[in-house]
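Okay, structure first, notes after.
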Amino acid sequence: TPDGGRLDAALATLDFMVSIDTYLTETTRHAHVVLPAPSSLARGHYDIAFTNLAVRNIAHWSPPSVALRHDDHADEMDEAEILLRFASLAAAGGNPNTGANDAYESDAHESMDDLVAMDVATRASKSEASRAYGRSPADLLAAVAPRRGVERLLDLMIRSGPYGDGFGSDPEGLTLATLEAAPHGIDLGPLKPRLPEVLRTPSGAIELAPPQLIAEAARMAEVLQHAGTESDDRLLLVGRRSLRSNNSWMHNIPLLAKGANHCSLWLNPEDAAKLGLDDGGAAAVTSEVASVVAIVEITDVVPPGVVSLPHGWGHLVPGTWGPTALEQPGVNANLLTPAGGLDELSGTAVLNGIPVRVEAA
């Protein structure tokens with residue numbers, strides 16, 4: 001997020017904040033209540049994101065590897081159930097007295113679970129692409145009983161999907177039970193062409209040059225024409241990820257955090273020579289909103305005129321994270337990103353290509 005310092009100050013002014021997290025972080029330290037999320041190993045997983053990168057059609061369900069803990073020291077709750085209980089409170093107007101009765105609270109979140117499941121079943125029954133098209137949503141819910149929660153939603157989507165059993169219309173089709181019986185997943189064969197029938201563009205073709213992009217080209221050319229005229233000594237800051245540091249929580253795992261500093265400032269040898277910076281030395285990186293000091297790593301991975309800091313670092317707040325993360329805190333690149341930068345076409349914040357000055361610290 002841009003201008004992390006401004007956001008940090010704003011969070012401190014909230015009347016109430018609740019977070020769900022496995023750690024007390026720079027963000028969740030502002031929460032009045034932190035609800036501990038269970039281990040991801042205690043949650044089942046059906047991959048959706050990475051199937052977009054697959055080379056074959058597959059379906060794979062991984063059940064929880066460990067059970068939720070219920071003993072004298074912990075009473076873990078699935079993250080989906082936590083969110084359902086939040087939704088139940090919101091539906092009740094946020095009245096804390098409404099949920100004071102344990103029986104009511106249980107009924108309320110189960111009713112919310114039923115509401116979500118009914119929505120998924122209704123959409124499946126109304127979609128012409130669904131194998132459950134035209135069926136009664138109540139019948140679909142009855143077919144996946146007694147499942148509840150996330151597994152019920154998944155079963156509804158699998159059975160109404162293109163490879164599903166259509167709730168009985170195709171006995172050879174998939175159900176969640178089918179995937180549970182195949183722990184290594186099911187290979188559905190090679191990928192199948194889906195264009196152009198799934199395109200929803202006005203022309204019915206892949207529009208490589210839509211009017212919105214063409215209109216932006218002239219403005220971009222004007223911006224590039226004036227780029228660099230303000231100062232010749234500024235570099236462009238971009239982000240990056242490393243294999244063992246895709247997300248902040250990995251910084252507190254000793255096996256992943258060991259070794260060289262993963263939060264270094266990548267600098268091209270040409271720029272390092274001009275600025276008089278040495279590999280392993282400290283450099284101050286300054287934008288229009290903040291300045292941080294990082295360890296220099298000279299590399300030709302970045303071209304001249306570009307420097308790079310990874311995201312997700314800056315574990316400098318006492319009482320947060322844990323000893324492993326605090327040993328190599330790194331710096332918070334979000335502090336350097338101005339809040340006013342906006343990509344006009346998409347409406348998203350500008351998080352890369354930030355003009356900065358770099359000098360020895």
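Keep in mind that what you see is a predicted model, and the values were worked out from it rather than measured. Quick note: numbers below take in every heavy atom, side chains included, and nothing from hydrogens, waters or symmetry partners.
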Do Asn268 and Val306 have side-chain heavy atoms sitting under 4.5 Å apart? no
Can you find a side-chain donor-acceptor pair between Thr320 and His315 that sits under 3.5 Å? no
What pairs with Leu345 under side chain to side chain contact (heavy atoms under 4.5 Å, CB included), at least two apart in sequence or on another chain? Gln212, Leu213, Glu216, Asp343
Could you tell me whether the side chain of Val307 reaches within less than 4.5 Å of the side chain of Trp266, counting heavy atoms only? no
Strictly below 4.0 Å, N to O, side chains only: are Lys274 and Glu270 in salt-bridge contact? no
Mind listing the closest non-hydrogen atom pair of Pro269 and Thr299 along with its distance? CD-O, 3.5 Å
Are Pro202 and Glu207 close enough that some pair of their side-chain heavy atoms sits under 4.5 Å apart? yes
Test your reading of the model: is there a side-chain donor-acceptor pair from Ser125 to the backbone of Gly134, 3.5 Å cut-off? no
Which pair of non-hydrogen atoms, one from Pro63 and one from Trp61, has the smallest distance, and what is that distance? CD-O, 3.7 Å
Beyond-backbone contact of Leu188 with Tyr163, side-chain heavy atoms, under 4.5 angstrom: yes
If you round to the nearest 0.5 Å, how far is CG of Leu83 from CG of Asp78? 9.0 Å
Salt-bridge test for Arg69 and Asp71: reply yes if a basic N is under 4.0 Å from a carboxylate O, no otherwise. yes
Heavy-atom distance under 4.5 Å between the side chains of Thr348 and Leu342, does that happen here? no
We want to know whether Thr175 and Thr178 form a side-chain donor-acceptor pair, criterion being a heavy-atom distance below 3.5 angstrom. yes
For residues Met118 and Val116: do they belong to one hydrophobic cluster (side chain heavy atoms under 4.5 Å, members Ile, Leu, Val, Met, Phe, Trp, Tyr)? yes
Once rounded to the nearest 0.5 Å, what's the spacing between atom SG of Cys263 and atom NE2 of His251? 8.0 Å
Surrounding CG of Leu243 (heavy atoms of other residues, nucleotides or ligands, distance under 6.0 Å), is the total greater than 12? no
Hey, is the main chain of Ser242 close enough, under 3.5 Å, to the side chain of Ser245 for a donor-acceptor pair? no
Scan Glu151, Glu76, Glu79 and name whichever one has a salt bridge (Lys or Arg N to Asp or Glu O under 4.0 Å) with Arg43. Glu79
What pair of heavy atoms forms the shortest contact from Pro303 to Asp271, and how long is it? O-OD2, 4.2 Å
Give me the atom names and distance for the closest heavy-atom approach of Pro254 to Thr324. CG-OG1, 3.7 Å
Please walk me through it: do Arg29 and Asp8 pass salt bridge (Lys or Arg N to Asp or Glu O under 4.0 Å)? CA-CA 10 Å; Arg29 71 188 176 96; Asp8 190 53; 2.9 Å; yes
Step by step, would you call Asp233 with Arg357 a side chain to side chain contact (heavy atoms under 4.5 Å, CB included)? CA-CA 7 Å; Asp233 63 351; Arg357 289 183 173 84; 3.4 Å; yes
Would a distance-only check, ignoring hydrogens and angles, find a side-chain to backbone donor-acceptor pair under 3.5 Å from Ser287 to Val289? yes
Distance-only check: which donor-acceptor pairs under 3.5 Å involve side-chain atoms of residues 332-340, not counting sequence neighbours?
| from | atom 1 | to | atom 2 | distance (Å) |
| --- | --- | --- | --- | --- |
| Asn332 | OD1 | Asn334 | N | 2.9 |

Take atom CD1 of Ile206 as the centre, draw a 6.0 Å sphere, and report whether it contains more than 12 heavy atoms from other residues, nucleotides or ligands. no
Which heavy atom of Met112 sits nearest a heavy atom of Ser88, and at what distance? CB-OG, 3.6 Å
How far apart are the C-alpha atoms of Glu180 and Arg147, what are their side-chain angles, what is the distance that settles it, and do they pass the salt bridge (Lys or Arg N to Asp or Glu O under 4.0 Å) test? CA-CA 13 Å; Glu180 287 173 332; Arg147 296 188 189 275; 3.0 Å; yes
Is there a side-chain contact between His60 and Leu179 (heavy atoms, below 4.5 Å)? no
Is any side-chain N of the basic residue among Asp113 and Arg85 closer than 4.0 Å to the acidic one's carboxylate O? no
Residue pairs passing the ring pair (Phe, Tyr, Trp, His ring centres under 6.0 Å) test where at least one lies in residues 19-56, sequence neighbours excluded: Phe16-His32, Tyr23-Trp321
Validation row: Leu235, Leu275 side chains within 4.5 angstrom (heavy atoms): yes
Using a 3.5 Å distance criterion without hydrogens, assess whether the side chain of Asn52 forms a donor-acceptor pair with backbone atoms of Ala49. yes
Sequence neighbours excluded - salt bridge (charged side-chain N to carboxylate O under 4.0 Å, His left out) pairs with any residue from residues 244-263: none
Exam field: side chain Arg234 to backbone Gly305, donor-acceptor pair closer than 3.5 Å: no
Surrounding CZ of Arg6 (heavy atoms of other residues, nucleotides or ligands, distance under 6.0 Å), is the total greater than 12? no
Value rounded to 0.5 Å, distance of CD1 in Ile82 from NE2 in His109: 11.0 Å
Give a yes or no on whether the backbone of Gly239 and the side-chain of Asn352 come within a donor-acceptor separation of less than 3.5 Å. yes
Among Leu156, Leu140, Leu154, Asp155, which residue satisfies the side chain to side chain contact (heavy atoms under 4.5 Å, CB included) criterion with Val120? Leu156
What residue pairs, at least two apart or across chains, pass salt bridge (charged side-chain N to carboxylate O under 4.0 Å, His left out) with a residue in residues 164-175? Arg131-Asp170, Arg159-Asp165
Please determine, by modelled atom types, if Thr286 and Ser291 share a side-chain donor-acceptor pair under 3.5 angstrom. yes
Audit row: Leu35, Val33, side chain to side chain contact (heavy atoms under 4.5 Å, CB included) steps and yes/no: CA-CA 6 Å; Leu35 299 177; Val33 176; 3.8 Å; yes
Should Arg56 and Pro190 count as side-chain neighbours, where that means a heavy-atom distance under 4.5 Å? yes
Roughly how far apart are Asp300 CG and Leu267 CG, rounded to 0.5 Å? 11.5 Å
Under the criterion side chain to side chain contact (heavy atoms under 4.5 Å, CB included), I'd like the reasoning laid out for Asn57 against Asp187: C-alpha separation, chi angles, the key distance, then a yes or no. CA-CA 6 Å; Asn57 254 326; Asp187 188 337; 5.5 Å; no
Just do the side chain to side chain contact (heavy atoms under 4.5 Å, CB included) check on Val144 and Phe167 with the steps written out, would you? CA-CA 9 Å; Val144 296; Phe167 297 89; 3.9 Å; yes
For Leu277 and Ala283, which heavy atoms make the closest approach, and how far apart are they? CD1-CB, 4.1 Å
CG on Leu176 to CZ on Arg152, rounded to 0.5 Å: 13.0 Å
To the nearest 0.5 Å, what is the distance between CG (Asp279) and CD1 (Ile298)? 5.0 Å
Using a 3.5 Å distance criterion without hydrogens, assess whether the side chain of Ser127 forms a donor-acceptor pair with backbone atoms of Arg123. no
With sequence neighbours left out, the residues meeting side chain to side chain donor-acceptor pair (under 3.5 Å) with Asp15 are none
Please check: side-chain N/O of Thr201 versus main-chain N/O of Gly204, any donor-acceptor pairing under 3.5 Å? yes
